[in-house]
Protein chains: 2
Amino acid sequence: MPVACRNCPLRRREIFAPLSDQELAFVQRFKSGELKVAPNMQLLMEGSNSPQLYTVLSGQGLRYKTLENGHRQVLNFVFPGDFLGLQAGMLGEMHHSVEATTEMVLCVFDRKEFFQIFRQYPERAYDITWLAATEEHFLGESLASIGQMAAVARMAWALQRLHARAEALGLANGDSFPMPYRQQDLADALGLSLVHTNKTLARLRDRQIASWAEGHIKIHSLTALRELAGGTDESATMTRPLI
Amino acid sequence: MPVACRNCPLRRREIFAPLSDQELAFVQRFKSGELKVAPNMQLLMEGSNSPQLYTVLSGQGLRYKTLENGHRQVLNFVFPGDFLGLQAGMLGEMHHSVEATTEMVLCVFDRKEFFQIFRQYPERAYDITWLAATEEHFLGESLASIGQMAAVARMAWALQRLHARAEALGLANGDSFPMPYRQQDLADALGLSLVHTNKTLARLRDRQIASWAEGHIKIHSLTALRELAGGTDESATMTRPLI
DNA sequence: CGTGCCGTTGAGGTAAATCAATGGCTGTGG
DNA sequence: CCACAGCCATTGATTTACCTCAACGGCACG
């Protein structure tokens, strides 16, 4: 049975902006169900105009694009609290795909209701725009990272961000946090080959900065990591709306 | 003296969605003036929380980010009709800078009014979200391009997009269109060195695909260009809101 | 016990970066 | 008017970061 929005365990996290009872009632009405998906499941497909929008309750996934030449670009790693399908909602169709990496539980919303939000709940509409603007900001960071930084720096940047997000969601355990992805995923996110990704990770391990084993990443020197990454990304820890 | 919104020359272009008289009246009220800036002028600065938002009436510019290591990533090329400062409006501060490349004329809006849009004009709020989602989509494309394509393909992709945008705005003259940027700008946009950018352009010239001279790019084979770029980007020619 | 997926490592090749030099053009000041 | 400096495009020479290819071992799964 689905969780009632006001009992949503995610909302207890302070990274998510609190909602009034009345606002919660609205979100609840918007919610049409819950969905549990298995690892490797395709949630949204590039080109589809999904009738459904999701909020991630638990689990992790990937947003990615597939190119004509067969290559894949991972756009972002999906964490609990993320809103999926905004492009389908706004632009009529998805321009990237989303797949589950671990098992995921999703909160399902009906796209038909989407347009009503702008009319009736301007604060929620504002939240949605905020999410879009934040995603835009993040992609800008990624672009700068991939376009202008060397492999080690890109890697440090990615790890530091994954760490920050995991920590903000209470998934981290000290300096260690779950890393359910494959090296190939990280490679496709950073625009590196699999082999070079592996060797870059080895360098970070050798330099005692971060190590990845058994599905977990351990940060040995956050200072050094940030140094390499060229600063901290505060947008991962910023208070954000949860819809 | 400023142009009245209903006489705005941009609105005649069919790429921009038409507004009713009433809607125009609102946009007009939102407009607080006009600004003319010289080439190389900084319009918005990373980190600033500009009190002003702009719509480009004429001229071209650049959005970019400067990294700690001194490198610059050009995020996008700015064309007439583009809305500038959305990040400052939504997130409180800009996460990239914007500068004028040619002389530009801007329509100035007051950020204080920004929040009112969501309350009072849901259709405009929707437009703003549409713009954010579209920008997000574009950055995703860029990321895929820079992350997964070789230099020639990236170049073709960029040229094809610049062409499409120029054409949609009526700036093109047959297969030729104005290119006010420097090779360094293109290099910083594509994540290539200046020298390699130059050599890549030379290859496209030798292969009779596109040539760049005297501030104009001429497309000799749009088919070949698209082939290299891996498809056409329809988002450059899609009907879009003009605020 | 095979088969397939994933991580790891080495060898060798290449695309792209860096370094360096030149020429055209523009603006400036003597 | 010319001399000079600064910016930009172009080209060649050299170096390097990253890619591709190939092979191997661990591990899960049927």
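The basis for the numbers below is simple: all heavy atoms, side chains too, and nothing from hydrogens, waters or symmetry mates. Chain identifiers are assigned alphabetically (A, B, ...) following the order of the sequence lines, protein sequences preceding nucleic acid strands; residue numbering begins at 1 within each chain.
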Write down the distance between [atom1] ([X]) and [atom2] ([N]), rounded to a whole number of angstrom.
{"X": "B/Leu190", "N": "C/dA15", "atom1": "CG", "atom2": "P", "result": "18 Å"}
{"X": "A/Met149", "N": "C/dA17", "atom1": "CE", "atom2": "C1'", "result": "17 Å"}
{"X": "B/Ile146", "N": "C/dA17", "atom1": "CD1", "atom2": "P", "result": "11 Å"}
{"X": "A/Gln183", "N": "C/dC5", "atom1": "CD", "atom2": "P", "result": "17 Å"}

Tell me which residues in residues 191-206 of chain A put a heavy atom below 4.0 Å from DNA chain C, sorted by number, or none. A/Val195, A/Asn198, A/Lys199, A/Arg205
Sequence neighbours excluded, the answer for side-chain contact (heavy atoms from CB on, under 4.5 Å) partners of A/Leu222 is A/His163, A/Ile219, A/Leu225, A/Arg226
Taking any atom closer than 4.0 angstrom to a non-hydrogen atom of chain B, what span of DNA chain D does the protein reach, first nucleotide to last? D/dC8 to D/dA13
Kindly compute the distance separating CG (B/Leu171) from CG (B/Leu162), expressed to the nearest 0.5 Å. 11.0 Å
Compute the angle between the rotation axes at the two ends of the helix from C/dC1-D/dG30 to C/dG30-D/dC1, each taken over five pairs, rounded to 10 degrees. 30°
Going by side chain to side chain donor-acceptor pair (under 3.5 Å), name the pairs with one or both residues in residues 41-55 of chain B, residues two or more places apart or in two chains. B/Gln42-B/Tyr64
Among B/His96, B/Glu135, B/Arg161, the one residue meeting side-chain hydrogen bond (donor to acceptor under 3.5 Å, both in side chains) with B/Asn76: B/Glu135
Test A/Val108 against A/Glu34 for side-chain contact (heavy atoms from CB on, under 4.5 Å), laying out the working first. CA-CA 5 Å; A/Val108 183; A/Glu34 234 167 67; 5.7 Å; no
By the salt bridge (Lys or Arg N to Asp or Glu O under 4.0 Å) test, which pairs, at least two apart or in different chains, include something from residues 171-194 of chain A? A/Arg72-A/Asp185, A/Arg72-A/Asp188, A/Arg182-A/Asp185
Strictly below 4.0 Å, N to O, side chains only: are B/Asp82 and B/Arg165 in salt-bridge contact? yes
Please determine whether a side-chain nitrogen of the Lys or Arg among A/Glu141 and B/Lys65 lies less than 4.0 Å from a carboxylate oxygen of the Asp or Glu. yes
Does atom CD of B/Glu227 have more than 12 heavy-atom neighbours from other groups under 6.0 Å away? no
Does B/Glu234 CD have over 12 foreign heavy atoms under 6.0 Å away? yes
